[in-house]
Amino acid sequence: MALTLWIFLALEVLGASSEVRQFFLQQASGQDCQTLQLGESWISHFLIDCHLECIRRYSENCQAVVYNSQTGNCRPGSVAFGPIEKVATSIPETGSSDKLYYVRQPIPPCNTSNSFALYDVCGTSACLYLSTSRAENYSDARTLCSQMDSRLFVGNTMAKFSLLWYTSKTYINDNLFTGLQDIAVEGNFVWENGEALSDEQNQYIWTPGNPDNSGGNQHCAIAFPEVSSKKTTLDDARCDLNRHYICERCSQC
Ligand SMILES: *[C@@H]1O[C@H](CO)[C@@H](O)[C@H](O)[C@H]1NC(C)=O
Ligand SMILES: *[C@@H]1O[C@H](CO)[C@@H](O)[C@H](O)[C@H]1NC(C)=O
């Protein structure tokens, strides 16, 4: 993941609440980061105008812009996230010369005891522990996180879901539990914070043909982030097998 070039620092803008918001607009190289277009594009002569106009029109919802410095074409974007193949409508399109500039999301506090650390992709950060050995099963993984004042990773937004892929591909490189399961009610997938899997995410997180509850005992969503596989989608699988896991610090868990 090559993130480059601080375009400008701490551009202070008066938001709707009259509080000064700070923007750190950072350019993503290649197709490392993507976003969803919030509305019609327009022409801006400079990147900074593109971003300011995006904030004027979309306020806090504008978290990224896709700008083409040759044509001045400016596209307003929602939060930036790392590459997820199944999101077909994302910008910039593969192969285009448009560049994505994203705003850093608020950085959560991170108690680094037990080898927790901040990980960041496309402007979204989380305080995580990446397992160095496998848990016995899902419930064991849950216990191991809980013993470190944390919970299994909750990838309940596109940005956080991409952080799961980024950290697991970059550091764990082996299959892992994802903090998403349908143990209680078959077909009702729930994140570790108790939140149901949203319809939006349900469209893009699964490998085609999954979840299929094959054999009637596949209740844990697992990722296979091996570097050789470009796949960024999940399968449902058995909960009682040894797998890696990612814990996330949380204030009430
Ligand atoms: C950080 O976490 C450890 C272990 O969970 C805890 O003992 C310690 O008090 C925490 N430190 C702070 C500053 O919260
Ligand atoms: C999961 O693993 C733990 C730790 O080895 C074990 O005590 C527990 O019985 C296992 N639970 C299930 C449901 O297999």
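Numbering starts at 1 and runs along the sequence shown. In this text the structure is predicted, and so the values were computed from the model without any measurement. Remember, it's 1-based here, ligands and their atoms both numbered in the order they're listed. All heavy atoms count here, side chains included; hydrogens, waters and symmetry mates do not.
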Between the main-chain N or O of Ser78 and the side-chain N or O of Thr35, is there a donor-acceptor pair closer than 3.5 Å? yes
Tell me which pairs pass salt bridge (Lys or Arg N to Asp or Glu O under 4.0 Å) where either residue lies in residues 191-216, with sequence neighbours left out. Arg142-Glu192
Using the test salt bridge (Lys or Arg N to Asp or Glu O under 4.0 Å), find all partners of Asp49 that sit at least two apart in sequence or belong to another chain. none
Check whether the side chains of Thr124 and Gln105 place a donor and an acceptor atom closer than 3.5 Å, and report yes or no. no
Look at the SG atom of Cys122 and the SG atom of Cys33, then say if they are under 2.5 Å from each other. yes
Between Asn137 and Asp240, is any side-chain donor less than 3.5 angstrom from a side-chain acceptor? no
Taking 4.0 angstrom as the limit and counting only heavy atoms of Asn111, give me the atoms of ligand 1 inside it, by number and element. 1 (C), 2 (O), 3 (C), 8 (C), 10 (C), 11 (N), 12 (C), 14 (O)
Chain-and-number sorted residues having a heavy-atom contact under 4.0 Å with ligand 2 are Glu136, Asn137, Asp140
So if I count the atoms of ligand 1 from 1 in the order they appear, which ones are less than 4.0 Å from some heavy atom of Asp149? 4 (C), 5 (O)
Apply side chain to side chain contact (heavy atoms under 4.5 Å, CB included) to Thr89 and list each qualifying residue two or more places apart in sequence or on a separate chain. Leu36, Val87
